[in-house]
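Comments concern the structure below.
Please read all numbers here as calculations on a predicted model, not as lab measurements. Order of the sequence lines sets the chain letters (A, B, ...), proteins ahead of strands, with each chain counted from 1.
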Amino acid sequence: MNSVLLNLSVFALLSIVSVSQAAQDSTCSAFVNQKVCSKKDQSVEIDKLLGVSCSAQYEGFSAIQPKIRQYINAQIIDSYQLTLLSTNFGNHKANRPGFEALYKKLSDEAWEDAIELIKYNAKRGGKLVDFSDIRGRDLKSMVDEQKKSAITEYNSLATAVDLQKELAAGAHDIHKEAIRLGQAYHDPEISSFIEKEFVHKYSSNIRTLAGYLADMNSIMSEYTENGGPSLSLYLFDEYLQKSLGVAAA
Amino acid sequence: MVHSCTNLMMQQVQKELNASLTYLAMGVHFSRDCVNRPGFAKFSSRVLVRSGGEHAIKFSSSYLTMRGNLTDYHHHVLSIIPSHYYARRKQDDLELGCPRVQDALNLETQVTESIRKIIIECEQGTNNVHDLESVNDYHLSDWLTGEFLDEQYKGQRKLAGMLSTMRKTEGTHGKLTEFLMDKEFL
């Protein structure tokens with residue numbers, strides 16, 4: 001029994017040595033030295049140099065990168081969708097400057113977040129981000145979705161809650177991928193970035209929107225047979241304008 | 001507003017969004033570790049992306065809603081984002097600054113030309129193809145000429161200046177000029 005254990009541990013030790021040997025061969029300095037020796041002019045083609053072990057990529061990033069790219073596109077699409085909502089409340093028929101400002105703010109936030117993520121992707125040595133799928137199915141279905149039912153103040157808030165929850169779920173998904181403890185990789189740098197930039201923000205945004213929905217729910221249930229909820233909506237919009245600091249037109 | 005003129009304005013919203021995505025892709029390219037041009041990245045994603053995005057909002061949200069449009073069919077504004085030519089480039093294309101600045105200049109020129117066309121149409125727009133009487137939309141023409149053309153030409157001048165500095169040194173110190181110019185934008 002003991003000898004079996006001993007054999008096993010010797011085997012394990014050997015395999016560790018051979019792994020570290022392989023790792024040494026793929027270091028950046030090994031690569032540069034080899035290139036410099038084999039080339040007279042000593043300049044290594046930049047993409048070939050950085051394509052291997054000298055790039056900014058390390059740890060779990062290459063595995064997590066597809067999710068990050070997906071998330072960048074999700075942020076951009078959400079930003080467009082919120083712009084549509086905002087525009088809808090900005091026209092003279094709807095005339096709700098408060099709702100317009102609310103969705104404009106959320107849209108700008110998503111856009112800024114997309115830029116933040118793009119910068120982060122580049123920092124970790126990520127490849128180009130492909131925006132071409134933004135044109136595709138998602139945008140079409142988003143427009144169809146909004147066409148299906150009339151947009152009201154009340155249901156637009158529900159749409160906004162859904163969008164924020166989707167974005168939160170996207171952030172959590174990347175985080176889960178980054179902290180796969182005991183798996184092939186573990187990248188605390190990514191999980192920390194996601195926590196710092198996204199996780200908490202969505203909890204506050206979702207809470208605020210849920211609060212608005214609760215308020216709308218109660219004030220709209222109060223109206224009498226004589227009139228619709230238009231006064232309630234008007235005052236709620238004024239409240240939104242004040243809390244978002246919309247300048248009086 | 002007159003139909004033919006409104007339609008062109010809606011198309012312009014899409015063109016501006018397209019331009020802003022293109023510049024965003026350009027910024028991504030400059031931010032890569034193997035390209036490493038943080039100054040150019042900053043220039044394209046801060047200055048150019050913002051101007052494209054803000055133009056789109058100005059056209060749609062501000063102007064068109066101010067003039068009483070986008071009430072029933074506002075979805076059209078975003079329904080087609082035209083294919084942006086930048087995405088068609090080879091993904092791991094590593095060419096550096098000069099051609100990209102030329103790309104940016106070309107795109108800005110296209111946008112300017114497109115704004116000029118809107119002005120021409122809106123000075124003699126019609127509601128139907130067969131209408132004999134045309135309507136001059138003085139306000140929109142003035143707004144486009146004063147605000148947008150001014151910004152476009154100034155932007156084009158800046159890009160053209162960058163481009164000629166780069167061209168002058170292309171044969172001898174192209175890489176070095178690019179390196180130094182990049183730092184100017186930081």
Q. Do B:S20 and A:W111 come close enough that some side-chain heavy atom pair is under 4.5 Å?
A. yes

Q.
What I'd like to find out is whether the side chain of B:L21 reaches to under 4.5 Å of the side chain of A:I76, using heavy atoms alone.
A. yes

Q. Is atom NZ of A:K201 surrounded by more than 12 heavy atoms (other residues, nucleotides or ligands) closer than 6.0 Å?
A. yes

Q. With a 4.5 Å limit on heavy-atom distance, are the side chains of B:N69 and A:N91 in contact?
A. no

Q: Would you give the length of the straight line joining atom CG of A:N121 to atom OG of B:S31, rounded to the nearest 0.5 angstrom?
A: 9.0 Å

Q. More than 12 non-hydrogen atoms from neighbouring residues, nucleotides or ligands closer than 6.0 Å to NZ on B:K183, yes or no?
A. yes

Q: Taking atom CD of B:E133 as the centre, report whether more than 12 heavy atoms of other residues, nucleotides or ligands fall under 6.0 Å from it.
A: no

Q: Identify the heavy atoms of B:R32 and A:A122 that sit nearest to each other, and give their distance.
A: N-CB, 4.3 Å

Q | Within 6.0 angstrom of A:Y202 OH, more than 12 heavy atoms from elsewhere | A | yes

Q) Any donor and acceptor pair, going by atom type alone, linking the side chain of B:D33 with main-chain N or O of A:A56 inside 3.5 Å? A) yes

Q. Rounded to the nearest 0.5 Å, how far apart are NE2 of A:H92 and CZ of B:R67?
A. 12.0 Å

(Q) Let me confirm one number: the OG1-CG distance from A:T87 to B:L64, rounded to the nearest 0.5 Å. (A) 9.5 Å

